[in-house]
Enquirer: 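This is the structure I want to talk about, given as C-alpha cells.
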Amino acid sequence: MRLEDKTALVTGAARGIGAASARRFVAEGARVAIADRRIEEGEALANELNSERAGSAIFTELDVSNEEAWKNAVGQTMSAFGKLDVLVNNAGIIRVTPLEKTDLALFQKVLNTNLVGAFLGIRAAMGPMEARGGGSIINFSSVQGLEGREGMSAYAASKFGIRGLSKTAAIELGPKGIRVNVVIPGPTRTKMTERKGWTDEQYNEAYGGYPLGRIAEAREIANVVVFLASDEASFCTGADYIVDGGVLVGKPRA
Ligand code: NAD
C-alpha cells in the first residue's frame with residue numbers, strides 16, 4: 001500500500017496510461033478522481049474501482065483546456081475526498097501532419113490540451129496542495145519532448161513545453177512542499193498508438209530495433225507514476241523520468 005491515505009486526480013484517466021495509473025493508485029490504497037471528457041468510459045472505470053474497494057473512485061467530467069471545468073473537477077475531488085495530494089496531468093492528444101497542413105487551429109488544439117491543460121491543472125491544484133502542506137504533480141511529456149519528429153510539430157512543441165513548465169513549477173512550488181516531475185513514456189500500447197488490424201508481432205516489430213525491442217504496456221508507465229506519487233520519491237522534483245525501453249539512448253540497431 002504505497003499510496004495509502006493519498007488522494008489523486010488523474011486527467012485522461014478514462015483509458016490508456018491514465019486508466020492504468022488510476023488502477024494502480026487504487027491497488028496501492030489511494031482514492032482517485034478519474035477526470036476525462038469521455039463520460040461513459042470514465043464512469044465505467046470508476047464503477048469498476050468502487051466495486052473493488054468502495055469509495056475509492058469518483059468520475060468527474062473535465063476538458064483540461066477549460067479553466068472553469070478545472071475549478072469544478074478539483075472542487076468535486078475536494079468534496080468527495082477532503083484533500084488533494086497528487087495531480088497527474090496525463091490527458092493528451094496527437095495529430096500527425098506536415099507543417100504545410102498544420103493550420104493554426106490544429107496547432108492550438110494540441111497545445112491547449114497537452115500544455116495549457118497541464119498549466120491550468122497546476123494552477124487549480126496548487127492551492128489545495130499548499131493548504132495541506134504539499135503534494136506531488138506529475139506531468140506527461142514524451143520522447144517527442146526531447147527530440148523532434150516528422151509531422152509532429154504541434155505535439156513536440158507541447159511536449160517540450162511541458163518540461164519547461166514543470167521545471168519552473170518545481171522551482172516555485174518546492175518551498176510549498178509540492179514536488180513537480182515529468183514522465184517521458186516511449187511507445188506504449190494505447191488508443192493513441194493503435195494501428196487498425198495490427199497484430200502484437202507487428203507492434204513489437206515496429207520497435208524491434210530499440211534496446212528492449214517492443215512496445216510498452218500502459219501499466220509499465222503507470223509503475224513510474226506510482227513511484228513519483230508516493231513518499232518514496234520525497235527528494236525527487238523538477239526531473240524527467242524516461243520510461244522508453246531505451247528508445248532515446250541512441251540510433252536503433254541496423
Ligand atoms: P489515449 O489516447 O489512450 O488516452 C488519452 C486520454 O486523454 C483519453 O481518455 C482522452 O479522452 C483524454 N483526453 C484527451 N483530451 C482531453 C481533454 N481535452 N480533456 C480531458 N481528457 C482528455 O492516450 P495515452 O497513450 O494513454 O496517452 C497518455 C499520455 O501519455 C498523453 O499525454 C500522451 O501524449 C503521453 N504519451 C503516450 C505515448 C504512447 O505511446 N501511448 C508515448 C509518449 C507519451
Side-chain angles (χ1 to χ4, degrees), residues 2-13 17-18 21-22 25 28 30-35 60 62 64-92 111-142 145-146 157-185 221-222 224-243:
R2 294 157 71 193
L3 301 178
E4 197 157 22
D5 294 330
K6 293 215 187 287
T7 66
L9 188 157
V10 183
T11 70
I17 296 168
S21 300
F25 275 28
E28 295 290 350
R31 287 172 293 162
V32 179
I34 293 156
T60 176
L62 173 67
V64 293
S65 62
N66 179 329
E67 190 166 23
E68 277 306 306
W70 264 109
K71 284 187 191 140
N72 181 49
V74 170
Q76 280 188 15
T77 308
M78 294 295 287
S79 309
F81 303 144
K83 62 181 181 124
L84 180 60
D85 301 306
V86 179
L87 168 66
V88 185
N89 282 313
N90 158 83
L111 269 285
N112 281 342
T113 306
N114 296 2
L115 181 56
V116 177
F119 161 74
L120 294 175
I122 292 169
R123 296 244 309 152
M126 57 192 264
M129 284 183 179
E130 184 181 3
R132 63 172 314 276
S136 171
I137 298 175
I138 298 146
N139 295 326
F140 266 71
S141 181
S142 160
L146 285 163
S158 72
K159 295 301 187 180
F160 269 74
I162 204 142
R163 294 180 50 240
L165 168 67
S166 302
K167 289 182 194 305
T168 303
I171 292 167
E172 292 189 22
L173 302 184
K176 302 178 193 297
I178 302 170
R179 300 182 290 103
V180 186
N181 290 290
V182 174
V183 173
I184 301 187
I221 313 301
V224 177
V225 180
V226 167
F227 165 70
L228 290 171
S230 78
D231 293 339
E232 292 163 26
S234 54
F235 206 54
C236 302
T237 197
D240 295 327
Y241 289 81
I242 297 174
V243 198

Enquirer: Taking S230 for the side chain and L3 for the main chain, is one N or O donor matched with an acceptor at less than 3.5 Å?
Expert: no

Enquirer: To the nearest 0.5 Å, what is the distance between CD (E172) and NZ (K167)?
Expert: 15.0 Å

Enquirer: When you look at M129 and I137, which way does the side chain to side chain contact (heavy atoms under 4.5 Å, CB included) test go after all the steps?
Expert: CA-CA 10 Å; M129 284 183 179; I137 298 175; 3.9 Å; yes

Enquirer: Taking all non-hydrogen atoms of both residues, which atom of A170 and which atom of T237 are closest, and how far apart?
Expert: CB-OG1, 3.6 Å

Enquirer: Between P128 and A124, which heavy-atom pair has the shortest distance, and what is it?
Expert: CD-O, 3.5 Å

Enquirer: Quick check: closest heavy atoms across N181 and A239, and the distance to 0.1 Å?
Expert: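 In terms of heavy atoms, the two residues are closest at OD1-N, 3.1 Å.
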
Enquirer: Considering residues at least two apart in sequence or located in another chain, which fulfil the side-chain hydrogen bond (donor to acceptor under 3.5 Å, both in side chains) criterion with N90?
Expert: none

Enquirer: Would you indicate whether the side-chain heavy atoms of L62 and T11 approach each other to under 4.5 Å?
Expert: yes

Enquirer: Please enumerate all residues that pass side-chain contact (heavy atoms from CB on, under 4.5 Å) together with A131, with sequence neighbours excluded.
Expert: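 Counting only residues at least two positions away or on another chain, A131 forms no side-chain contact (heavy atoms from CB on, under 4.5 Å).
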
Enquirer: Could you state the interatomic distance from CE (M126) to NZ (K176), rounded to the nearest 0.5 Å?
Expert: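 M126 atom CE to K176 atom NZ measures 5.5 Å (nearest 0.5 Å).
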
Enquirer: Taking atom CD1 of I184 and atom CD1 of I221, what is their separation to the nearest 0.5 Å?
Expert: 11.0 Å

Enquirer: When you compare the side chain of I138 with that of V86, does any pair of heavy atoms fall below 4.5 Å?
Expert: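 Sidechains of I138 and V86: in contact.
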
Enquirer: Run the side-chain contact (heavy atoms from CB on, under 4.5 Å) test against S142 and tell me which residues pass, sequence neighbours left out.
Expert: Q144, Y155, K159

Enquirer: Applying side chain to side chain contact (heavy atoms under 4.5 Å, CB included) to I122 and L165, what does each step give before you reach the verdict?
Expert: CA-CA 10 Å; I122 292 169; L165 168 67; 4.0 Å; yes

Enquirer: Which heavy-atom pair separates F81 from A33 by the least distance, and what is that distance?
Expert: CE1-N, 3.7 Å

Enquirer: Mind jotting down which residue pairs meet the side chain to side chain donor-acceptor pair (under 3.5 Å) criterion with at least one end in residues 111-121? Sequence neighbours excluded, please.
Expert: N114-S158

Enquirer: For A233, which residues count as a side-chain contact (heavy atoms from CB on, under 4.5 Å) partner, sequence neighbours excluded?
Expert: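 Only R179, F227, L228, C236 meet the side-chain contact (heavy atoms from CB on, under 4.5 Å) criterion with A233.
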
Enquirer: Nearest 0.5 Å, what's the CZ-CG distance between F25 and L9?
Expert: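 If I round to the nearest 0.5 Å, the distance is 10.5 Å.
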
Enquirer: With distance as the sole test, does N139 use its side chain to make a donor-acceptor pair with the main-chain N or O of V182 at under 3.5 Å?
Expert: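 No.
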
Enquirer: Can you list everything that forms a side-chain hydrogen bond (donor to acceptor under 3.5 Å, both in side chains) with K83? Sequence neighbours excluded, please.
Expert: D85

Enquirer: Which residues satisfy the salt bridge (charged side-chain N to carboxylate O under 4.0 Å, His left out) test with E28, sequence neighbours excluded?
Expert: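 Here the qualifying residues are R24.
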
Enquirer: What are the two closest heavy atoms between L84 and R132, and how far apart are they?
Expert: O-CD, 4.0 Å

Enquirer: Just to verify, what does D231 make a salt bridge (charged side-chain N to carboxylate O under 4.0 Å, His left out) with, not counting sequence neighbours?
Expert: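 Partners of D231 by the salt bridge (charged side-chain N to carboxylate O under 4.0 Å, His left out) criterion, ordered by chain and then number, come out as K6.
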
Enquirer: Please check if the side chain of R163 supplies one atom and the backbone of S141 the other of a donor-acceptor pair under 3.5 Å.
Expert: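 The answer is no, because no donor-acceptor pair under 3.5 Å joins these two groups.
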
Enquirer: Would you name the heavy atoms of V180 and S166 that are closest together and state the gap between them?
Expert: CG1-O, 3.7 Å

Enquirer: According to side-chain hydrogen bond (donor to acceptor under 3.5 Å, both in side chains), who are the partners of T60, at least two apart in sequence or on a separate chain?
Expert: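 T60: side-chain hydrogen bond (donor to acceptor under 3.5 Å, both in side chains) contacts with Q76.
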
Enquirer: Can you list everything that forms a side-chain contact (heavy atoms from CB on, under 4.5 Å) with R123? Sequence neighbours excluded, please.
Expert: E67, F119

Enquirer: Run the side-chain hydrogen bond (donor to acceptor under 3.5 Å, both in side chains) test against T77 and tell me which residues pass, sequence neighbours left out.
Expert: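 For T77 there are no side-chain hydrogen bond (donor to acceptor under 3.5 Å, both in side chains) partners, ignoring immediate neighbours.
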
Enquirer: Using the salt bridge (charged side-chain N to carboxylate O under 4.0 Å, His left out) criterion, which residues pair with E68? Sequence neighbours excluded.
Expert: K71

Enquirer: Would you say N89 and F140 make side-chain contact, with heavy atoms under 4.5 Å?
Expert: no

